[in-house]
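Written out below as structure tokens is the structure these notes cover.
Note that the coordinates shown come from a computational prediction; the quantities given were computed from them, not determined experimentally. Here is how names work: the chains are called A, B, and so on, in the same order as the sequence lines, proteins then strands, and each is numbered from 1.
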Protein chains: 4
Amino acid sequence: MPEKSPKFRRRAEARPDEVLDAALELFLERGFAATKVDDVAKRAGVSKGLVYLYFPSKEALIEAIVLRAVTPIAERAIGEITHFQGNPRIAISTVMRFLVSRLSDPQVMNVPRLIFREVAQFPHIAQMYRRDVLDKMIPVLRARLQRGMEEGYLRPHDPDLTLRTVVGPLILHVLLSEIFGIEPEGGLALDRLVENHLSILFDGLSVRGERS
Amino acid sequence: MPEKSPKFRRRAEARPDEVLDAALELFLERGFAATKVDDVAKRAGVSKGLVYLYFPSKEALIEAIVLRAVTPIAERAIGEITHFQGNPRIAISTVMRFLVSRLSDPQVMNVPRLIFREVAQFPHIAQMYRRDVLDKMIPVLRARLQRGMEEGYLRPHDPDLTLRTVVGPLILHVLLSEIFGIEPEGGLALDRLVENHLSILFDGLSVRGERS
Amino acid sequence: MPEKSPKFRRRAEARPDEVLDAALELFLERGFAATKVDDVAKRAGVSKGLVYLYFPSKEALIEAIVLRAVTPIAERAIGEITHFQGNPRIAISTVMRFLVSRLSDPQVMNVPRLIFREVAQFPHIAQMYRRDVLDKMIPVLRARLQRGMEEGYLRPHDPDLTLRTVVGPLILHVLLSEIFGIEPEGGLALDRLVENHLSILFDGLSVRGERS
Amino acid sequence: MPEKSPKFRRRAEARPDEVLDAALELFLERGFAATKVDDVAKRAGVSKGLVYLYFPSKEALIEAIVLRAVTPIAERAIGEITHFQGNPRIAISTVMRFLVSRLSDPQVMNVPRLIFREVAQFPHIAQMYRRDVLDKMIPVLRARLQRGMEEGYLRPHDPDLTLRTVVGPLILHVLLSEIFGIEPEGGLALDRLVENHLSILFDGLSVRGERS
DNA sequence: TATGAATGAGGTTTCATTCAT
DNA sequence: CATGAATGAAACCTCATTCAT
């Protein structure tokens, strides 16, 4: 016998999260602009009005999604990278592998996918993401590279530019897959990418003795 | 009835291009969605109806913009990279410097900027861009890396993944600036970025003898 | 289980009135349409549901407000005007001064202010007001004017039209202030208005001997 | 054979006025809030979009209606009242009779009726009306009363308050009819009202020798 | 009694596109 | 070729009201 399904069901508890889950699904399936608030409500099994009870606008949905997912990961990564002493190679490798392990969980990966797709249309979200994630992570990474140089582990370089070399390949990898559907043979293979990249990052692509 | 003056005829022939110029400007200023066809027409100094005489829809404008700008650069880069024999370090460095010189021209830079911003919303454009640019450039770059490895210039690596290490940092650099307004102190400095990156790319970040 | 204290019980009994007080305040501050039932409930310190327990609809609130306030004043004025014998100048002057004294109490004044603002939108209220106030006061005033004429105190006139001359200036005075924010220098000054008006009403504006 | 009725008819000329006519009709029939823009469009025989081509918002419709109707009458009245020299009785009587003659045209009367009904809900309109009409007419009338006093035609009084005695009865007369449906036996009879009122206004209600 | 979570109808406004002229 | 008046679908959001608890 099926559960009774009255017009009014009171379940204050997890409702906002269920709405966000539905929204995330739909935003990824159809894009933010093409998703109606009514669709989100229906998928979450609630009424349109209830969505507006929890979130003041459609845009607030995307913000809440990002906020919910992004903060814990960023904090974890920052903790990770400041934790390791000595050769920054260990710290950076560990953090990148941690990031990859998180991104490999499709559930977790969905949010960066959403950000890639929609952030350019929502300066508000871009600013939020910058404030909550980038402005925290970039200084930490830059400082780690700087210290690695000062402690003699790393060759002279400009840490501010180098961090782009550290992270850029990962971003491009995801971007090519997400936006253009371009993946290496055998699937995304984030772990293989990272190993290949780390090896080049620290040891260079040239054979020994080639250094100019 | 007298012939129209050549001056007038030339204007008429250049009309579609003027419309595209206006559209590109506005799409960058306000974004595609926030730009009205009427705005494009006004900026181009024509009527709304005329825009529809040249282009069947608003989306066709963005496609035409991309098409017009992207093809010549891609072809040039491909020619460049296959031209250099011997150590691929020369080829890759030359091509990246060429790309940077092109991107430093704000006029040229505008189109990639537009693509970054809008491509995620237009799968159609993404496919077009993939077909006309990526599917041509990626195999060439991959082949060059492969040959460099086979000829003993480069250490063993997966060329398909390595090309992400080669290009990713440049992409991230532009992206951080374009989407999040994050630039190194002293401005974009694409050339400094490339030099810093190429040095790491070929020689690694670790000091000599650190190789693991 | 102990009896609830009388204090609590009295509160419970006064609840509907407290709701009306809150509603009146808010309707005047923001207007009827712009006031949400939830706002009324919050200001009254009760829940939205309770408001609907006492009043069947939002519109019922405004009706109850008017009903509660209007009846006693109207009855008092009617009593007043029929009380005075002889020269109706005394009766009319006394009643107008009484009205002014009541209207000068901001607490009392609020309800006519609300009516001025909202009555046009609510034919229902207009009818109620007509039935409970106007249809009682107008005939009394008209009869008084009629008798004053018959008894030789007043010149010949049409009492039905004259009553508009008697009351109109007071209405316009409040209206200008309430709707358009137009007041004489020195504030509303209802008493000065009435004295100026009564003097003209009975003796005319023209200097003696000017009668045409 | 009926006129061809193509989907697109080009008739830029009188369109805005036709839209305003339709809007006025509907606002009076149903009230502003209860009238949908779509209704206005349909009654005017155009599309909803066209309404927004001429008027930026629904509220702009009511503003345009008031502006269109009110300005010429106000200007005419002001001219009238400043025109007459000598005894202000002539000036005031003439103007009031002029106003009555205008208001007796149902076409013209509609706009004041609309204002009475809706002005309280739209502070914007109230301000506009005050600026364009009241702030022009009141000073003129006050000055005329002042001069009449100085020149010895009128007894001492406060012109700022007296003008409320002059105009208030007319306003109340229309208001009683419009809002409450209260009219003297025999219909509105604006002209009878004015004659009754003017007689009282200048000569007073009391019989001669009664002056207190 | 009392609560407040939940509902859902309803209307303004925008703007890509069309087509009579 | 060129215009710009005209169309109308589409969607966000509000809020009075309901009812399970």
Side-chain angles (χ1 to χ4, degrees), chain A residues 4 6-13 15-16 33-42 45-61, chain B residues 4 8-9 11-12 15 33-42 45-61, chain C residues 4 8 12 15 33-42 45-61, chain D residues 4 6-13 15-16 33-42 45-61:
Chain A
K4 203 178 76 179
K7 199 173 170 189
F8 285 76
R9 221 183 328 165
R10 304 190 122 236
R11 293 241 330 281
E13 334 109 31
R15 278 292 160 78
T35 301
K36 290 170 246 178
V37 174
D38 219 358
D39 298 337
V40 174
K42 279 202 185 78
V46 301
S47 73
K48 198 181 0 168
L50 192 61
V51 174
Y52 281 94
L53 197 64
Y54 295 130
F55 305 96
S57 72
K58 186 183 170 188
E59 203 169 321
L61 286 173
Chain B
K4 283 201 197 103
F8 266 37
R9 213 147 8 120
R11 268 194 60 82
R15 281 283 171 77
T35 300
K36 295 170 228 172
V37 174
D38 218 1
D39 298 335
V40 174
K42 277 202 185 77
V46 301
S47 74
K48 203 183 352 174
L50 195 54
V51 172
Y52 278 91
L53 201 63
Y54 297 134
F55 304 96
S57 73
K58 188 184 171 187
E59 199 173 337
L61 286 173
Chain C
K4 282 204 198 99
F8 266 38
R15 281 284 170 75
T35 300
K36 294 170 230 173
V37 174
D38 216 0
D39 297 336
V40 174
K42 279 202 184 78
V46 301
S47 74
K48 203 181 352 170
L50 196 55
V51 173
Y52 277 92
L53 201 64
Y54 296 135
F55 305 95
S57 73
K58 188 184 170 187
E59 199 170 335
L61 285 173
Chain D
K4 203 178 76 179
K7 197 172 172 189
F8 286 78
R9 221 182 329 163
R10 305 188 120 236
R11 292 241 330 280
E13 333 109 33
R15 279 291 160 78
T35 301
K36 290 170 246 176
V37 174
D38 218 359
D39 299 336
V40 174
K42 279 203 185 76
V46 301
S47 73
K48 200 183 352 169
L50 192 62
V51 175
Y52 280 93
L53 198 63
Y54 295 131
F55 305 96
S57 71
K58 186 183 169 187
E59 203 170 320
L61 285 173

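When each of F:dA2, F:dA6, F:dT17 is scored by its nearest atom to the side-chain atoms of C:K58, the top-ranked nucleotide is F:dT17. Residue A:S47 places its side chain closer to E:dG8 than to any other of F:dT14, E:dG8, F:dA11.
Expressed to the nearest 0.5 Å, how far NZ of A:K42 lies from NZ of A:K36 amounts to 8.0 Å. Put simply, NZ on C:K58 and OH on C:Y52 are 8.0 Å apart, with the number rounded to the nearest 0.5 Å.
OP1 and OP2 of E:dG4 both lie 4.0 Å or more from every side-chain N or O belonging to C:K48. Residue B:R15 has no polar side-chain atom (N or O) positioned under 4.0 Å from OP1 or OP2 of F:dC1. Residue A:Y54 has a polar side-chain atom (N or O) positioned under 4.0 Å from OP1 or OP2 of E:dA6.
Mapping D:V51 and C:A34 onto DNA chain F by nearest heavy atom places D:V51 closer to the 5' end of the strand. If you find the closest nucleotide of DNA chain E to A:L53 and to C:L50, the one lying nearer the 5' end belongs to C:L50. Each of D:S57 and B:D38 was assigned the nucleotide of DNA chain E with the nearest heavy atom; the assignment lying further toward the 5' end belongs to D:S57. If you find the closest nucleotide of DNA chain F to C:P56 and to D:G49, the one lying nearer the 5' end belongs to D:G49.
A straight line from CZ of A:F55 to P of E:dA6 spans 12 Å, rounded to a whole angstrom. Atom NZ of A:K42 is separated from atom C1' of E:dT7 by 13 Å (rounded to the nearest Å). In this entry the distance linking CG of B:D39 with P of F:dG4 reads 15 Å, nearest Å. Across the protein-nucleic acid pair, B:Y52 atom OH and F:dT7 atom P stand 17 Å apart, rounded to whole Å. Per the geometry, CD belonging to B:E59 stands 14 Å off C1' belonging to E:dT17, to the nearest Å.
If you run side-chain contact (heavy atoms from CB on, under 4.5 Å) between C:R15 and each of C:L53, C:V51, C:V46, only C:V46 comes through.
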Exercise for review: Determine which bases of DNA chain E form Watson-Crick or G-U wobble pairs with both distances under 3.5 Å, and write the result as a 5' to 3' dot-bracket string with | for other-strand partners.
Suggested key: .||||||||||||||||||||
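Taking all atoms of both residues into account, the shortest heavy-atom contact from C:F55 to C:A60 is CB-CB, 4.3 Å. Taking all atoms of both residues into account, the shortest heavy-atom contact from B:V37 to B:K48 is CG1-CG, 3.9 Å.
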